[in-house]
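If you read the sequence from its start, that first residue is 1, and numbering goes on from there.
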Amino acid sequence: MTATLDRPDDTAAAPKRPPRWWLLLGRDKLAAVAAVVLGLVLLTALIGPLLLGDAATRQDLNASLRPPSFDHGITGLLGTDILGRSVLARLVEAAGTTLSVAIPAVLFSLVAGSAIGMWAGYHGGRRENIAMRVADVILSFPSLLLAVVVLYVFTPSVANIVFILALARIPIYLRTARAEAAELKSRLFVDAARTFGTMSWPTIYRHILPIAMPTLLTVATLDFCFVMLSESSLSFLGIGIQPPDVSWGLMVAQGRQFLQTAWWIAVLPGVAIVLTTVSATILAAWVRLATDPAQRWRLTLPTSKRGKRSVTTEVTA
């Protein structure tokens with residue numbers, strides 16, 4: 001007989017690793033659906049124009065204002081506009097234009113505002129006062145009104161829209177990052193880094209940024225909705241994206257006069273705007289929990305028990 005040696009169960013003694021983010025996302029059905037919707041929008045914006053070719057600009061007056069049907073192939077699935085252009089193809093083309101404004105504007109304002117805000121909050125004093133007063137001046141002008149004035153003076157274009165929307169949103173990240181850095185700079189681990197002679201930017205990058213990042217990412221996800229709605233509003237007013245380019249807001253503006261006879265021209269891009277913004281808002285709430293180690297445990301609970309557990313935790317505290 002062969003003797004069997006008993007070995008200790010190393011896997012039982014090892015500490016449990018936190019679940020992967022995709023596993024946490026799979027447990028939250030609403031957030032998973034929102035992520036799928038945003039992924040489809042992004043994939044459509046990237047690949048759709050390559051598959052549909054020039055269908056978004058090809059005119060056919062004989063097919064003017066055709067209702068959605070399966071009789072004219074995939075391009076006629078969502079109907080046509082007054083010039084006989086495919087609404088489906090224009091929705092796909094407009095998705096790329098809208099995202100090409102919203103994503104760069106949010107990324108630029110996130111990086112610039114967070115860097116300035118953490119630098120000002122870490123150092124304090126005169127630097128903090130100057131940064132906050134500049135932010136107050138920018139915030140004193142409504143961002144949409146500021147964009148309207150600037151775009152009336154300069155030529156409306158994608159670059160100008162991205163620049164003015166990013167500039168108007170920088171104070172949001174600046175204030176958030178400044179508050180985080182001002183609170184974290186008195187923590188013991190930041191004092192220890194300063195004691196060992198670490199410079200300010202390495203200290204901010206290694207010790208303050210990782211803790212402030214969950215909040216900043218949540219703000220950025222919500223701000224994506226605001227920037228996209230602002231671009232749609234500017235295009236609706238006629239000072240945003242200009243033909244022959246197309247965006248969802250411009251499609252709504254061009255179709256509003258046909259609401260009674262050809263509702264699909266204005267309603268479908270409006271539905272696309274609503275679905276994208278609602279999905280981004282839902283995903284922002286999930287990202288806030290998933291990136292916060294102190295709150296991530298909530299995502300491991302069944303959806304029906306999260307509210308009860310949160311109330312119990314607050315009462316116990």
Side-chain angles (χ1 to χ4, degrees), residues 25 28-46 91-114 117 135 138-139 141-148 151 158 160-177 212-237 239-241 246-253 266-292:
L25 184 61
D28 193 327
K29 295 182 180 179
L30 192 60
V33 171
V36 169
V37 170
L38 291 178
L40 288 177
V41 171
L42 182 60
L43 191 64
T44 300
L46 293 175
L91 278 174
V92 172
E93 190 76 22
T97 305
T98 301
L99 293 182
S100 68
V101 172
I103 293 177
V106 171
L107 288 179
F108 179 81
S109 56
L110 170 64
V111 173
S114 301
I138 297 176
L139 285 176
F141 297 94
S143 56
L144 190 59
L145 178 61
L146 181 63
V148 169
L151 292 175
V158 173
N160 289 338
I161 295 173
V162 169
F163 174 76
I164 191 61
L165 291 179
L167 181 65
R169 305 308 295 172
I170 283 179
I172 305 300
Y173 301 96
L174 193 153
R175 284 171 167 263
T176 304
M213 185 57 69
T215 303
L216 294 173
L217 287 178
T218 305
V219 174
T221 310
L222 294 174
D223 201 42
F224 170 81
C225 304
F226 179 85
V227 171
M228 192 176 71
L229 291 174
S230 297
E231 181 276 322
S232 300
S233 301
L234 293 172
S235 299
F236 183 84
L237 295 174
I239 55 175
I241 302 299
V246 60
S247 71
W248 287 337
L250 183 60
M251 291 182 67
V252 174
V267 171
L268 293 180
V271 170
I273 294 172
V274 171
L275 283 178
T276 306
T277 53
V278 170
S279 299
T281 303
I282 294 173
L283 195 60
W286 180 87
V287 169
R288 179 68 183 89
L289 295 178
T291 55
D292 189 350

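For the pair Val162 and Pro104, the tightest heavy-atom approach, listed with the atom from each and the gap, is CG1-CB, 4.0 Å. Here the closest heavy-atom approach between residue Leu91 and residue Pro269 is recorded as CD2-CA, 3.6 Å. Ala102 and Val227 make their closest contact through CA-CG1, 3.7 Å (heavy atoms, listed as atom of the first residue, atom of the second, distance). Among all heavy-atom pairs drawn from Ala280 and Thr221, the shortest one is O-CG2, 3.2 Å. In terms of heavy atoms, Val101 sits closest to Glu231 at CG1-CG, 3.8 Å. Taking both residues in full, the closest heavy atoms of Ala168 and Pro171 are given as O-CD, 3.5 Å, listed atom of the first, atom of the second, then distance.
With rounding to the nearest 0.5 Å, the separation of CG in Leu146 from CG in Leu151 is 9.0 Å. With rounding to the nearest 0.5 angstrom, the CE atom of Met251 is 12.0 Å from the OG atom of Ser235. For the atom pair CZ (Arg169) and CG (Leu139), the distance works out to 8.0 Å, reported to the nearest 0.5 Å. Taken to the nearest 0.5 Å, the OG1 atom of Thr276 stands 7.5 Å off from the CG atom of Leu99. Here the CG atom belonging to Leu107 is positioned 11.0 Å from the CG atom belonging to Asp223, to the nearest 0.5 angstrom. In this structure, Leu167 CG and Ile138 CD1 are separated by 5.0 Å, a value rounded to the nearest 0.5 Å.
In this structure a side-chain-to-backbone donor-acceptor pair under 3.5 Å is present from Ser109 to Val106. Remark: side-chain polar atoms of Thr277 are paired, donor with acceptor, to backbone N or O of Val274 under 3.5 angstrom. Distance alone, capped at 3.5 Å, places no donor-acceptor pair between the Thr176 side chain and the Tyr173 backbone. Remark: side-chain polar atoms of Thr97 are paired, donor with acceptor, to backbone N or O of Val246 under 3.5 angstrom. For the pair Trp248 (side chain) and Gly270 (backbone), a donor-acceptor distance under 3.5 Å is absent.
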Could you walk me through whether Leu42 and Leu38 pass the side-chain contact (heavy atoms from CB on, under 4.5 Å) check? CA-CA 6 Å; Leu42 182 60; Leu38 291 178; over 6 Å; no
Could you walk me through whether Val271 and Leu275 satisfy the side-chain contact (heavy atoms from CB on, under 4.5 Å) test, starting with their C-alpha distance in whole Å, then the side-chain angles of each, then the deciding distance to 0.1 Å, before giving a yes or no? CA-CA 6 Å; Val271 170; Leu275 283 178; 4.0 Å; yes
Apply side-chain contact (heavy atoms from CB on, under 4.5 Å) to Thr98 and Ile241, showing your working. CA-CA 9 Å; Thr98 301; Ile241 302 299; over 6 Å; no
Would you please test Phe226 and Leu165 for side-chain contact (heavy atoms from CB on, under 4.5 Å) and show each step? CA-CA 10 Å; Phe226 179 85; Leu165 291 179; 5.8 Å; no
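In this structure, Ile164 and Asn160 have side chains that are not in contact, with every pair of non-hydrogen atoms separated by 4.5 Å or more.
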